[in-house]
Amino acid sequence: MSERATPTPEADDSTPESTEAEEQPRADEQRAEERPVTTGASSVVRALENAGVEAAFGVQGGAIMPVYDALYDSSIRHVMMAHEQGASHAADAYGVVKGEPGVCLATSGPGATNLVTGLADANMDSDAVLALTGQVPSDMVGSDAFQETDTIGVTSPVTKHNYFAGDADTVGDTVGEAFALAGMGRPGPTLVDLPKDITQSETGREPGPARPPKTYNPQMEADEKDVKVAARAIENAEKPVLLFGGGVIKGNATETARAFAIDHGIPVVTTMPGIGTFPEDHDLCLSWAGMHGTGYANMAITHTDLLIAVGTRFDDRLTGGIDTFAPEAEVVHIDIDPAEISKNVHADYPLVGDAGRVLDQVDARMDHSPDAREWREQCQTWKDEYPMDYAAPSDEPIKPQFVVEAFDEATGDDTIVTTGVGQHQMWASQYWTYREPRTWVSSHGLGTMGYGLPAAIGARLAADQMGQEDRSVVCFDGDGSFLMTMQELSVAVRENMDITVAVLNNEYIGMVRQWQDAFYEGRRMAAEYNWCPEFDRLAEAFGARGWRVDDYDQVADAIEEALAYDGPSVIDFHVDPAENVYPMVASGAPNGQFALSEDQL
């Protein structure tokens, strides 16, 4: 991918008249330069302001309290989440949609450890996040003080880099550096651990602008000799395939990548993180490949003679068995992180650099496009042979694919889709037609159940702050996934966030049940969720709107009403509990041997 180094409530008639003190302007209305830095905590906040941070997500607590006190006087909008994991996922999704690092805060001990899942998720997906954690005073570190945890030790394996702040005079610069590092090169999460004595200590030193470490200089352009050789290989290919990964989006190279594919007539396959890099209704698009990718994408990968991979790390859910992945192909691999080159799949033509710049380099070196007319016809034949369809008998429970398609038809092309993890995630990626980048927001590498709802909160705020209040934000969740972070619905209600949650409720951890039926002789151990609450009524208890849908003829009206409601809503769709996700490549099997039904596994 791209290098790893990190509402205001309306007045109520019963509200008493405002006091004189309440009528005074809040300090956050003052210009930043009129609020001098006086403590380490105010230096931390000033560093965030210098970096252009507009929002942060977090949970208050003792060790981080000085930073929160400094935020009181800041224009940065803070969203108090119900759980720190929700804060990290919201910051992650906020960053994905805005294209800049999201920020989350937590206190020491359990606050910091509750961030770990979200940081690990961001690390696996190369999402830019800055985490600020409180810590016990420096002289108490290592004494097993109240709410002490070795946050640096715990988070080192799941961050791009982390810092332990040791000086009030330099803490602001440290925070600025961590923010810049998170978004530079291959994005990823960074963390600054903030001992309470450092944030409380006096300092008058103003932090500078956010800058990455002087020693961090990711390579942006590939070696011209390597580019020339790769260009010749592309020109001579008879069956070329472009594989666009998430690094294309993170590198803001979508337009360049699209132009390259169209100009040279090369079919495009994406990874799941790369969804949105290429419009899925374009003739050249074969959608995404891998375990539950389209049959035609997997056939193209299997039979290509030249795979041009851009911004992907070739994870196992994409490749299946490495030995059988793209078995007839030479591989051009473009990636900003040299560690990814030939890590999983051997690169015959390694090109280290920024996705957009390297594609421009290759394009400039090409004298002609490959002669791929017959290959394009073959890819279209596979599209016709293995269409994405499903049976939806009217006398059977609602098919989840039908719900996804109904939402797609009812919303605009710029709708942001977030998901949890499981069968619902696959259906949301298979049966929605994505045309734009940063509209698909999901957990890929870590596969974090519960990601969807807090991600929708982060995505909503990002869209609003970009002046895109009319964009729809739809979260597809499963019953099991929704249960893991449903407390964040209270946040959406409090902040009056216009999001729509579609729970594809099959009363199972559906993907586990599918695997148990296929590979464990139907022994459904700990997969059944028929004890779940009524999610529509639960939504109403939180203060949101709720609907329950059991029949096909209720689907369209419920979707229309939920989308029209200006606030958080939840539709509990009771879908067919026996429906499975297909196509499916068995774990470790060749991509070309995908199953279209259980008896083919």
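This structure is a prediction, so every number in the text was calculated from the model and none was measured. Computed over heavy atoms, backbone and side chain alike; hydrogens, waters and symmetry mates excluded.
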Q. For Tyr565, what residues pass the side chain to side chain donor-acceptor pair (under 3.5 Å) criterion, not counting sequence neighbours?
A. none
Q. Do Thr448 and His89 come within less than 4.5 Å of each other through their side chains, counting heavy atoms only?
A. yes
Q | Derivation and outcome, ring-ring contact (aromatic ring centres under 6.0 Å, His included), residues Phe402 and Tyr431 | A | CA-CA 8 Å; Phe402 181 88; Tyr431 289 93; over 10 Å; no
(Q) Less than 4.5 Å apart, side chain to side chain, heavy atoms only: is that true for Val473 and Asp498? (A) no
**Q.** Heavy-atom check, side chain of Val403 versus side chain of Phe407, under 4.5 Å
**A.** yes
(Q) Has Ser443 got a side-chain atom pairing as donor or acceptor with Gly447's backbone, closer than 3.5 angstrom? (A) yes
Q) Backbone N or O of Ala527 within a donor-acceptor pair of the Gln516 side chain at under 3.5 Å? A) no
Q | Student check: side-chain heavy atoms of Met272 and Gln425 closer than 4.5 Å | A | yes
Q) Just checking, any donor-acceptor pair under 3.5 angstrom between side chains of Asn252 and Arg438? A) yes
Q) Are Tyr529 and Asn505 close enough that some pair of their side-chain heavy atoms sits under 4.5 Å apart? A) no
Q: Indicate yes or no: does Lys250 engage Asp127 in a salt bridge with an N to O separation below 4.0 Å.
A: yes
Q) In chain order, what residues pass the side chain to side chain donor-acceptor pair (under 3.5 Å) check against Glu255, with sequence neighbours excluded? A) none
Q: For Tyr94 and Gln465, test the side chains for any donor-to-acceptor distance below 3.5 angstrom and give the result as yes or no.
A: yes
Q. Side-chain donor-acceptor pair under 3.5 Å between Ser442 and Thr419, yes or no?
A. yes
Q: Check the pair Phe594 / Tyr582 against ring-ring contact (aromatic ring centres under 6.0 Å, His included), numbers first and verdict last.
A: CA-CA 9 Å; Phe594 52 88; Tyr582 293 105; over 10 Å; no
Q: Taking the side chain as every heavy atom from C-beta outward, state whether Asp576 and Ile398 have any pair of such atoms under 4.5 Å apart.
A: no
**Q.** Note: Asp550-Arg548 ion pair, threshold 4.0 Å (strictly below)
**A.** yes
Q.
Strictly distance-based, threshold 3.5 Å: is any side-chain N or O of Glu495 a donor or acceptor partner for the main-chain N or O of Val491?
A. no
**Q.** Aromatic ring pairing Trp382/His303, orientation class (parallel under 30°, perpendicular over 60°, tilted between)
**A.** parallel
Q) Distance only, no hydrogens: is a donor on one side chain within 3.5 Å (strictly under) of an acceptor on the other, for Gln600 and Gln593? A) no
Q) For residues Asn591 and Thr302, is any side-chain donor paired with an opposing acceptor at under 3.5 Å? A) no
Q: Under the ring-ring contact (aromatic ring centres under 6.0 Å, His included) rule, what do Tyr434 and Phe278 come out as? Steps first, then yes or no, please.
A: CA-CA 8 Å; Tyr434 296 90; Phe278 202 80; over 10 Å; no
Q: Keeping the roles fixed (side chain from Trp547, backbone from Phe573), state whether a donor-acceptor pair exists under 3.5 Å.
A: no
Q.
Evaluate Arg524 against Glu528 for salt bridge (charged side-chain N to carboxylate O under 4.0 Å, His left out), listing each step before the verdict.
A. CA-CA 7 Å; Arg524 298 178 177 179; Glu528 194 168 10; over 6 Å; no
Q: Could you verify whether a donor N or O on one side chain and an acceptor N or O on the other, from Glu238 and Trp375, lie under 3.5 Å apart?
A: no
Q: Report yes if some heavy atom in the side chain of Pro267 is under 4.5 Å from a heavy atom in the side chain of Thr304; otherwise report no.
A: no
Q | Residues Phe314, His333; criterion ring-ring contact (aromatic ring centres under 6.0 Å, His included); working and verdict | A | CA-CA 10 Å; Phe314 290 111; His333 191 180; 5.0 Å; yes
Q. Less than 4.5 Å apart, any side-chain heavy atom of Arg435 and any of Asp414?
A. no
Q | side-chain hydrogen bond (donor to acceptor under 3.5 Å, both in side chains) evaluation trace for Asp281 with Thr433 | A | CA-CA 7 Å; Asp281 54 356; Thr433 302; over 6 Å; no
Q: Please determine, by modelled atom types, if Asn506 and Gln423 share a side-chain donor-acceptor pair under 3.5 angstrom.
A: yes
Q.
For Glu340, is there an ion pair with Lys343 - N to carboxylate O distance below 4.0 angstrom?
A. yes
Q.
Going by side chain to side chain donor-acceptor pair (under 3.5 Å), name the residues that satisfy it together with Asp470, two or more places apart in sequence or in a different chain.
A. none
